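Have a look at the structure below before the remarks.
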Amino acid sequence: DNSKDFADVPDSYWGADAVDFATSRELFNGTSETAFTPDGNMTRAMIVTVLARYEGVDTSTGNTWYDAGRDWAMAAGISDGTNMDGTLTREQLATILYRYAQSKGYDVSIGEETNILSYVDALDISEYAIPAMQWACGTGIMEGADGRLSPQDEATRVQVATMLMRFITTIA
């Protein structure tokens, strides 16, 4: 049992299972010993480091805390390695997971039943991210809220943990 308890993620919190999933597997760390900061923003550096850890990469090497994750992501074709300190949007998260799935040879086909146009903000999705968003929604990795996908919104730590848990349990 490698589970961790965080004061800001009670058992009744909607994302508690995802936080426990990600932290118990040491994919994510808390922001302190007692806090996870579920509504905190993720950066591009954070997501490539999380995925590199999932791949078994030693992420403790390099000149910065994210060098190993960035280098791994660039070599795998998941990220171009730029703007690592930039916040991660929901559509960028879907795209990174989509590219990761492609790099692993997972099925990323988009079924005919996948229709992101049912979301009121579907036209806000950047053109490059449309296939990834269709895939993420079609597989259940990403879900909207109140009829919105919020593709341009910053992805929070709990949203990333949730999508990562769904990805690992349904795709990987």
Side-chain angles (χ1 to χ4, degrees), residues 1-76 78-101 103-104 106 132-133 136-137 139-146 148-172:
D1 182 16
N2 198 24
S3 62
K4 297 169 180 61
D5 291 319
F6 297 104
D8 57 354
V9 184
D11 290 342
S12 60
Y13 183 68
W14 72 266
D17 288 343
V19 170
D20 187 51
F21 181 92
T23 59
S24 68
R25 286 162 178 79
E26 298 182 349
L27 302 173
F28 269 54
N29 295 317
T31 54
S32 76
E33 289 295 318
T34 59
F36 182 79
T37 316
D39 294 326
N41 294 329
M42 286 285 288
T43 65
R44 293 167 57 99
M46 290 174 182
I47 189 60
V48 297
T49 300
V50 165
L51 289 175
R53 285 180 187 147
Y54 180 64
E55 274 296 299
V57 173
D58 177 3
T59 60
S60 65
T61 63
N63 293 326
T64 66
W65 65 268
Y66 58 79
D67 276 349
R70 181 192 61 215
D71 293 347
W72 167 83
M74 289 172 57
I78 295 165
S79 171
D80 63 5
T82 61
N83 195 20
M84 288 286 104
D85 292 324
T87 55
L88 183 71
T89 64
R90 288 172 51 84
E91 73 179 10
Q92 289 169 342
L93 173 58
T95 301
I96 287 171
L97 289 176
Y98 180 75
R99 289 177 183 161
Y100 175 66
S103 77
K104 298 296 289 179
Y106 299 146
M133 292 290 283
C137 290
T139 58
I141 293 170
M142 179 178 277
E143 296 177 357
D146 300 322
R148 306 182 69 79
L149 284 173
S150 306
Q152 302 299 322
D153 286 2
E154 295 172 344
T156 64
R157 290 170 51 84
V158 70
Q159 289 172 349
V160 175
T162 300
M163 288 179 62
L164 188 62
M165 179 181 73
R166 291 175 184 158
F167 176 84
I168 291 170
T169 59
T170 62
I171 304 297

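What you see below is based on every heavy atom in this structure, not just the backbone, and it leaves out hydrogens, waters and symmetry mates. This one's a predicted model, so the numbers in the text were calculated from it and none came from an experiment. Sequential numbering from 1 along the given sequence is applied to the chain's residues.
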Heavy-atom closest contact ([X] atom, [Y] atom, distance):
X	Y	value
Thr59	Ala68	CA-CB, 3.8 Å
Gly81	Arg70	O-CD, 3.5 Å
Ala18	Met165	CA-SD, 3.7 Å
Lys4	Thr23	NZ-O, 3.1 Å
Glu154	Asn41	OE1-ND2, 2.7 Å
Ala161	Ala22	CB-CB, 4.1 Å

Beyond-backbone contact of [X] with [Y], side-chain heavy atoms, under 4.5 angstrom:
X	Y	value
Thr43	Asp85	no
Thr156	Pro38	no
Leu164	Val50	yes
Val57	Leu51	no
Met142	Phe167	no
Tyr66	Arg44	no
Thr95	Gln92	no
Asp153	Gln159	no

Assess whether atom CG of Asn83 is packed by more than 12 heavy atoms of other residues, nucleotides or ligands within 6.0 Å.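 Yes - once you tally the heavy atoms of other residues, nucleotides and ligands closer than 6.0 Å, there are more than 12.
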Assign the ring pair Phe6 / Phe36 to parallel, tilted or perpendicular, where the plane angle (0 to 90°) is split at 30° and 60°. tilted
To the nearest 0.5 Å, what is the distance between [atom1] ([X]) and [atom2] ([Y])?
X	Y	atom1	atom2	result
Thr64	Met84	OG1	CE	9.5 Å
Met163	Glu143	CE	CD	10.0 Å
Leu27	Tyr54	CG	OH	8.0 Å
Phe28	Met46	CZ	CE	8.5 Å
Ile141	Thr162	CD1	OG1	12.5 Å
Phe21	Ile168	CZ	CD1	4.5 Å

Determine yes or no for a side-chain-to-main-chain donor-acceptor pair under 3.5 angstrom, with Asp80 supplying the side chain and Thr82 the backbone. yes
How would you list, by chain and number, every residue that makes a side-chain contact (heavy atoms from CB on, under 4.5 Å) with Asp58, sequence neighbours excluded?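 So Asp58 forms a side-chain contact (heavy atoms from CB on, under 4.5 Å) with Ser60, Thr61.
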Between Leu97 and Ile171, does a side chain to side chain contact (heavy atoms under 4.5 Å, CB included) hold up when you go through it step by step? CA-CA 10 Å; Leu97 289 176; Ile171 304 297; over 6 Å; no
